[in-house]
Engineer: 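Okay, here's the structure, questions in a sec.
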Amino acid sequence: MMTLYSTITCPYSHRCRIVLHEKDMDFEVIDVDPNNKPEDLAVMSPYGKAPILVERDLVLYESNIINEYIDDRFPHPQLMPADPVMRARARLLLYRFEQELFCYIDAIEGTDAKAAEKSRTAVAENLTMIAPIFEKQKYMLGDEFSMLDVAIAPLLWRLEHYGIKLPAKQAAPLLKYSERLFSRPLFIDALSASEKVMRK
């Protein structure tokens with residue numbers, strides 16, 4: 001059985017929980033308090049941060065790596081494209097999410113108000129830029145839910161919590177897409193109690 005060490009409010013842990021639920025697998029989630037981390041966390045990951053996936057003698061950290069491993073081990077439903085070209089494009093987009101969206105989360109959650117506000121603006125602008133994609137398609141890669149939707153969903157869920165405001169008109173397709181993601185029963189199953197209260 002797989003064990004996921006997960007922080008109840010962390011968007012990266014949230015990603016891994018979504019994939020585990022999508023795969024309908026037998027797994028255990030161990031909640032980690034970020035302010036009082038168990039000592040073995042530092043042994044399992046050089047960064048001492050959740051999420052961490054443990055399966056027998058395999059220990060993985062970094063949400064996108066964990067999720068690709070789960071997808072390879074349990075290919076139904078497949079979340080990464082089977083075609084190598086599409087798979088490479090998907091990985092590139094996952095990388096861009098980290099560089100253009102998720103890189104701002106630490107500042108938004110931090111204590112420097114100026115840096116947080118700047119980061120909120122950057123995330124809002126970058127999200128608004130991808131909104132037009134959803135005028136023509138249901139999900140990131142077309143009509144099928146994929147790893148890209150998994151990767152971005154925790155951020156979209158937290159927009160209100162993070163104080164990120166999107167321009168209603170330009171971002172309308174993205175907001176509709178968000179509601180599509182949030183209405184998936186498996187997305188709801190993957191939410192921790194603390195995450196459920198992040199949105200009104």
Side-chain angles (χ1 to χ4, degrees), residues 1-77 79-80 91 94-95 97-113 115-116 119-120 123 147-164 181-182 184-199:
M1 185 164 68
M2 289 185 171
T3 301
L4 180 74
Y5 289 80
S6 160
T7 310
I8 52 173
T9 56
C10 153
Y12 303 102
S13 294
H14 188 180
R15 279 179 181 170
C16 298
R17 281 185 265 116
I18 294 170
V19 168
L20 288 166
H21 280 280
E22 285 288 335
K23 300 288 181 178
D24 192 22
M25 286 167 45
D26 193 16
F27 62 89
E28 181 190 10
V29 173
I30 294 174
D31 291 332
V32 173
D33 178 354
N35 303 314
N36 186 21
K37 294 175 191 165
E39 281 168 23
D40 53 348
L41 215 67
V43 178
M44 291 189 279
S45 160
Y47 306 106
K49 285 195 300 199
I52 296 169
L53 185 82
V54 179
E55 189 187 26
R56 295 191 196 91
D57 58 351
L58 175 73
V59 178
L60 293 175
Y61 45 89
E62 171 40 46
S63 61
N64 288 331
I65 293 168
I66 291 170
N67 283 349
E68 265 210 67
Y69 169 72
I70 297 167
D71 198 45
D72 287 340
R73 278 272 281 120
F74 302 91
H76 304 289
L79 294 171
M80 282 296 275
R91 284 199 182 112
L94 288 170
Y95 178 75
F97 288 169
E98 301 311 297
Q99 301 303 310
E100 296 168 25
L101 297 168
F102 284 83
C103 65
Y104 295 106
I105 286 175
D106 283 348
I108 291 169
E109 291 182 343
T111 52
D112 182 337
S119 297
R120 284 188 195 99
V123 171
M147 199 65 85
L148 293 173
D149 305 298
V150 169
I152 203 168
L155 173 62
L156 297 174
W157 180 258
R158 287 163 172 74
L159 291 181
E160 196 179 322
H161 175 71
Y162 286 153
I164 296 166
L181 294 180
F182 305 157
R184 292 173 67 86
L186 294 168
F187 176 87
I188 297 159
D189 291 346
L191 289 167
S192 68
S194 303
E195 284 163 344
K196 282 178 181 159
V197 298
M198 284 179 172
R199 293 179 93 241

Engineer: Enter the distance from Ile70:CD1 to Leu4:CG here, rounded to the nearest 0.5 Å.
Structural biologist: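 That separation rounds to 7.0 Å.
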Engineer: Once you round to the nearest 0.5 Å, how far does CG of Leu60 lie from CD of Glu68?
Structural biologist: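 If I round to the nearest 0.5 Å, the distance is 11.5 Å.
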Engineer: Which pair of heavy atoms, one from Arg15 and one from Ser63, lies closest together, and at what distance?
Structural biologist: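 Smallest heavy-atom distance, with atoms named: NH1-OG, 2.9 Å.
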Engineer: Flag yes if more than 12 heavy atoms outside Phe182 fall under 6.0 Å of its CZ atom; otherwise flag no.
Structural biologist: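 It does: Phe182 CZ has more than 12 such atoms within range.
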Engineer: Is the Phe97 to Phe102 ring centre distance short of 6.0 Å?
Structural biologist: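 Centroid separation for Phe97 and Phe102: 6.0 Å or greater.
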Engineer: More than 12 heavy atoms of other residues, nucleotides or ligands under 6.0 Å from CD of Gln99: yes or no?
Structural biologist: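 Yes, because the 6.0 Å sphere around CD of Gln99 holds more than 12 heavy atoms from other groups.
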Engineer: Looking only at heavy atoms, what is the nearest atom pair of Gly48 and Leu41, with distance?
Structural biologist: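 Nearest pair, atom of Gly48 first, then Leu41: O-CD2, 3.6 Å.
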Engineer: Drop me the distance from Leu186's CG to Leu20's CG, to the nearest 0.5 angstrom.
Structural biologist: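 The CG atom of Leu186 sits 11.5 Å away from the CG atom of Leu20.
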Engineer: Would you call the rings of His14 and Phe187 parallel, tilted or perpendicular if under 30° counts as parallel and over 60° as perpendicular?
Structural biologist: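 Because their plane-to-plane angle lies in the 30° to 60° range, the rings of His14 and Phe187 count as tilted.
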Engineer: Can you find a pair of side-chain heavy atoms, one from Val19 and one from Met147, that are under 4.5 Å apart?
Structural biologist: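 Yes, close enough: below the 4.5 Å cut-off.
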Engineer: Could you please spell out the steps behind the side-chain contact (heavy atoms from CB on, under 4.5 Å) verdict for Glu22 and Arg184?
Structural biologist: CA-CA 10 Å; Glu22 285 288 335; Arg184 292 173 67 86; 3.1 Å; yes
Engineer: Please give me the minimum heavy-atom distance between Met1 and Glu28, naming the atom from each residue.
Structural biologist: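 For Met1 versus Glu28, the nearest heavy atoms are CE-CB, 3.9 Å.
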Engineer: Indicate yes or no: at least one non-hydrogen side-chain atom of Arg158 is less than 4.5 angstrom from one of Ile105.
Structural biologist: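 The answer is no; the side chains never approach within 4.5 Å.
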Engineer: Step by step, would you call Trp157 with Met198 a side-chain contact (heavy atoms from CB on, under 4.5 Å)?
Structural biologist: CA-CA 8 Å; Trp157 180 258; Met198 284 179 172; 4.0 Å; yes
Engineer: Whether Asp71 and Lys23 form a salt bridge (side-chain N of Lys/Arg under 4.0 Å from carboxylate O of Asp/Glu) is what I want to check.
Structural biologist: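 Counted as a salt bridge, because a side-chain N and a carboxylate O are separated by less than 4.0 Å.
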Engineer: Mind running side-chain contact (heavy atoms from CB on, under 4.5 Å) on Tyr69 and Glu55 for me, showing each step along the way?
Structural biologist: CA-CA 11 Å; Tyr69 169 72; Glu55 189 187 26; 2.4 Å; yes
Engineer: Kindly give the heavy-atom pair with the smallest separation between Arg17 and Thr7, and that separation in Å.
Structural biologist: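 Where Arg17 meets Thr7 most closely, the heavy atoms are NH2-O, 3.3 Å.
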Engineer: Which heavy-atom pair separates Ile8 from Ser194 by the least distance, and what is that distance?
Structural biologist: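 Heavy atoms of Ile8 and Ser194 come nearest at CD1-OG, 3.2 Å.
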Engineer: If you measure from CD on Glu62 to CG on Leu53, what distance do you get to the nearest 0.5 Å?
Structural biologist: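 Taking CD in Glu62 and CG in Leu53, the distance rounds to 12.5 Å.
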Engineer: Could you tell me the separation between the OH atom of Tyr5 and the CG atom of Asp31, rounded to the nearest 0.5 Å?
Structural biologist: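 If I round to the nearest 0.5 Å, the distance is 12.0 Å.
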Engineer: Any chance you could lay out the side-chain contact (heavy atoms from CB on, under 4.5 Å) test for Asn67 and Met80, step after step, and finish with the verdict?
Structural biologist: CA-CA 9 Å; Asn67 283 349; Met80 282 296 275; over 6 Å; no
Engineer: Verify the neighbour count for atom CG of Asp24: are there more than 12 heavy atoms of other residues, nucleotides or ligands below 6.0 Å?
Structural biologist: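 Not more than 12 within 6.0 Å, no.
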Engineer: First locate atom CG of Leu101, then atom CG of Leu155, and finally report the distance between them rounded to the nearest 0.5 Å.
Structural biologist: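 If we round to the nearest 0.5 Å, Leu101:CG and Leu155:CG are 6.0 Å apart.
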Engineer: For the residue pair Glu109 and Tyr162, confirm or rule out a side-chain donor-acceptor distance under 3.5 Å.
Structural biologist: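 Looking only at side-chain atoms, Tyr162 and Glu109 do form a donor-acceptor pair, the distance falling under 3.5 Å.
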Engineer: Quick check: closest heavy atoms across Glu195 and Leu191, and the distance to 0.1 Å?
Structural biologist: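 Closest approach of Glu195 to Leu191: OE1-CA, 3.5 Å.
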